[in-house]
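Since the structure comes first, as structure tokens, the remarks are kept for the end.
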Amino acid sequence: KSSKREWKPLEDHSCTDVPWLLLFILFCIGMGFICGFSIATGAAARLLSGYDSYGNICGQKNVKVEGIVNSGLDLTHKKYVFFLDPCNIDLVHQKIKSIALCVSACPRTELKTLADVQKFAETNGSTLCSYELQPAEYTTDPRAAKLCPKYPVPESAPIPFFHRCAPVNISCYAKFAEALITFVSDSSVLHRLISGVMTSKEIIMGLCLLSLVLSMILMVIIRYISRVLVWILTILVILGSLGGTGVLWWLYAKQRLSASALETQIAKDNLQALLIYAIAATVFTVILFLIMLIMRKRVALTIALFHVAGKVFIHLPLLVFQPFWTFFVLILFWTYWIAVLLFLGTTGSPVPNEEGFVEFQMAGPLKYMWWYHIVGLIWISEFILACQQMTVAGAVVTYYFTREKRNLPFTPILASVNRLVCYHLGTVAKGSFIITLVKIPRMILMYIHTQLKGKENACARCMLKACICCLWCLEKCLTYLNQNAYTATAINSTNFCTSAKDAFVILVENALRVAAINTVGDFMLFLGKVLIVCSTGLAGIMLLNYQRDYTIWVLPLIIVCLFAFLVAHCFLSIYEMVVDVLFLCFAIDTKYNDGSPGREFYMDKVLMEFVENSRKSMKEAGRGGGAEGRELKPM
């Protein structure tokens, strides 16, 4: 029924999926409750100010904990946490296995003996041994071996904002960062790399700006070079497949001629392997040619859509900045999420452990707040990304279904954001929740696979990887369907399920065209990313080659190329999104309109030319044969 229902683009707007919006708001309130609970229970103070092994928060007066000696102390003047053995790290439980004390100052120089520790306490007033020992007893009391720091005490400095004394020398954490220590153990290499980055920082910033400019330019001119890129791609694929197949058959023939002189089993195995490879390559080449033959007429639609997408960015220049806003909002949310996560790590009630020290643990249902917080990370991140998709879809839909482009809103992007906030937040919440339901099992399976690495048998390992792969494929398919569902919602203002069903029907009816756009189009965009990275890298090589103030410029070049790829990916992903939205609009337009009075097309002139050419080809093929006529049918 939905496929036969009349579509009325942008004619009316109504709220969609309101219950899901209410559910999302309740979920966000739960996230806020977790943050408030962790702060109210003192977790924020324990995280920022730090606490010792007896449950005392540094820098303030404390309350006595039953059964724990040295608790309830007044540590107003002792504002820093000091670990007696800071290099003793428990990799399994990810914490420092050492007694923690509150001190008034961190040791800024290495202390090699207990006498040095005693002198430091007398000079600076900072006692580095346990509270029950006085500085005069450091060198005479036999308990000092356990209650004083392990010497030599490394040089330490307080971590900004977190009041922990951390060793200055990173080699202290050799077990924790073994790979890094191996690399930077030669300080001369590290110094040369850092000096290379610092000396060429202006060039790095300039090249990063160049990659940004190149990405914007490419988004404008790609509509003019799309046809050339498609032909280059076609020629490369043909030559590559034919060349690879020919080389394999040539190697097989050459090996067979010389096989009479080599009657060994190895020679026979190699000959048989070459034959299998050559046959497989031949089958692959034939299948590839057949696919290209079937899809050759649908490539023209991909070129036309890329051409129109370039016009969209000219009329809607604010689309270019969508990745920046999305990235900025994600960074803000992730910062908040990590802060609350750290709060949760120190929240709870003080409980004595086996060693007589204090640990903070949550009891009852509160201990499951971790899982709620992790689900919140996935759902809200997906919600933010889905808001970007809905915003882009709404703006492109407005452009496509506005016949006179002069009548476009002053800022279609802001108009799309306004429609999203007023009508469609529930749809976005529902779509992002569906992706979350798929991501969570995949992440659990990946965690299980990591924990059981080297312990499970081959069959279990294979099954785990297969399940992870299937869930990944399902997630990608649902993400693509969600994006088209958001487009259908932006067009007709229907709820998520109806929009997804309508979009799915349209995509199935145009399966071959969808395949053509997703293969040829994606590869064209990949070539664009390669072009930007190579151009930026080449400019970097030319500029860095003339610098003589440093020794190594490999690291600056790697930084520039990584940044260029990230920028190109962000910008061209928006371009890909625009092409997908345009295709769905085009498919709906050609299905429900035929160009007759009262049912005029909304499409651009370039797409109109494609439809007219398809109709002419259809008529010509109709005289010669029905099969080809059906092949050229526009929709």
Side-chain angles (χ1 to χ4, degrees), residues 46-60 62 65 67-159 162-177 181 345-346 350-360:
R46 284 194 289 269
L47 174 66
L48 297 176
S49 300
Y51 60 96
D52 62 13
S53 298
Y54 308 103
N56 300 302
I57 299 177
C58 300
Q60 67 179 48
N62 295 276
V65 179
I68 300 295
V69 296
N70 294 328
S71 63
L73 301 178
D74 183 2
L75 302 175
T76 306
H77 301 291
K78 298 184 177 183
K79 299 181 179 181
Y80 301 99
V81 179
F82 175 76
F83 297 96
L84 300 189
D85 188 7
C87 301
N88 187 7
I89 298 176
D90 185 356
L91 296 179
V92 177
H93 299 93
Q94 299 175 356
K95 63 180 182 179
I96 298 176
K97 294 174 60 177
S98 169
I99 297 176
L101 302 172
C102 293
V103 298
S104 57
C106 301
R108 305 309 294 261
T109 58
E110 186 181 50
L111 308 176
K112 298 182 179 180
T113 63
L114 282 176
D116 293 338
V117 175
Q118 184 180 31
K119 184 178 180 182
F120 177 79
E122 294 172 348
T123 305
N124 298 279
S126 182
T127 56
L128 302 183
C129 295
S130 188
Y131 304 128
E132 56 262 35
L133 283 182
Q134 297 300 319
E137 301 174 328
Y138 287 180
T139 56
T140 58
D141 198 310
R143 296 177 298 170
K146 289 185 178 181
L147 301 180
C148 286
K150 181 180 179 180
Y151 53 87
V153 180
E155 177 187 354
S156 302
I159 300 175
F162 288 97
H163 300 88
R164 268 79 167 177
C165 296
V168 175
N169 187 4
I170 193 176
S171 62
C172 172
Y173 305 112
K175 294 182 180 179
F176 186 73
I181 297 304
T346 55
V351 178
N353 60 13
E354 299 175 353
E355 300 174 356
F357 300 122
V358 170
E359 291 182 354
F360 293 92

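Excluded from the calculations below are hydrogen atoms, water molecules and symmetry mates; all remaining heavy atoms, backbone and side chain alike, are included. What you see is a predicted model; the values in this text were computed from it and never measured.
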* Residues Lys78, Thr127; criterion side chain to side chain contact (heavy atoms under 4.5 Å, CB included); working and verdict -> CA-CA 9 Å; Lys78 298 184 177 183; Thr127 56; 3.4 Å; yes

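- Here Asn124 contributes atom CG and Lys119 contributes atom NZ; the two are 10.5 Å apart, rounded to the nearest 0.5 Å.
- With rounding to the nearest 0.5 Å, the separation of OG1 in Thr113 from CD in Gln118 is 9.5 Å.
- Counting only distance, with no hydrogens or angles, the side chain of Asn56 and the backbone of Asn70 share a donor-acceptor pair below 3.5 Å.
- Applying the salt bridge (charged side-chain N to carboxylate O under 4.0 Å, His left out) definition to pairs two or more places apart or across chains, none involves residues 99-114.
- Side-chain atoms of His163 come within 3.5 Å of backbone atoms of Leu48 as a donor-acceptor pair (strictly under, hydrogens ignored).
- Only one option out of Leu133, Val153, Ile99, Val117 pairs with Cys148 in a side chain to side chain contact (heavy atoms under 4.5 Å, CB included); it is Leu133.
- With hydrogens and angles disregarded, a donor-acceptor distance shorter than 3.5 Å links the side chain of Ser104 to the backbone of Gly125.
- Across all non-hydrogen atoms, the minimal contact from Tyr138 to Cys129 is CE2-CB, 3.4 Å.
- To the nearest 0.5 Å, atom OH of residue Tyr80 and atom CD1 of residue Ile159 are 12.0 Å apart.
- Separating the CG atom in Asp141 from the OG atom in Ser130 is a distance of 11.0 Å, to the nearest 0.5 Å.
- If you check the side chains of Asp52 and Tyr131, you find a donor sitting under 3.5 Å from an acceptor.
- Distance check, rounded to the nearest 0.5 Å: SG of Cys106 to CZ of Arg164 gives 11.5 Å.
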* Asked: Stepwise, does the side chain to side chain contact (heavy atoms under 4.5 Å, CB included) test hold for Leu128 with Leu101?
  -> CA-CA 8 Å; Leu128 302 183; Leu101 302 172; over 6 Å; no

* To do: Take Leu114 and Asp116 through the test side chain to side chain contact (heavy atoms under 4.5 Å, CB included) and record every step on the way to the result.
  => CA-CA 5 Å; Leu114 282 176; Asp116 293 338; over 6 Å; no

* Residue pair Phe82, Cys58: steps toward the side chain to side chain contact (heavy atoms under 4.5 Å, CB included) verdict -> CA-CA 10 Å; Phe82 175 76; Cys58 300; over 6 Å; no

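- The two residues Ser49 and Val81 make their nearest non-hydrogen contact at O-CG2, 4.1 Å.
- To the nearest 0.5 Å, atom OH of residue Tyr54 and atom SG of residue Cys102 are 11.0 Å apart.
- A donor-acceptor pair under 3.5 Å links the side-chain atoms of Ser126 to the main chain of Ala105, judged by distance alone.
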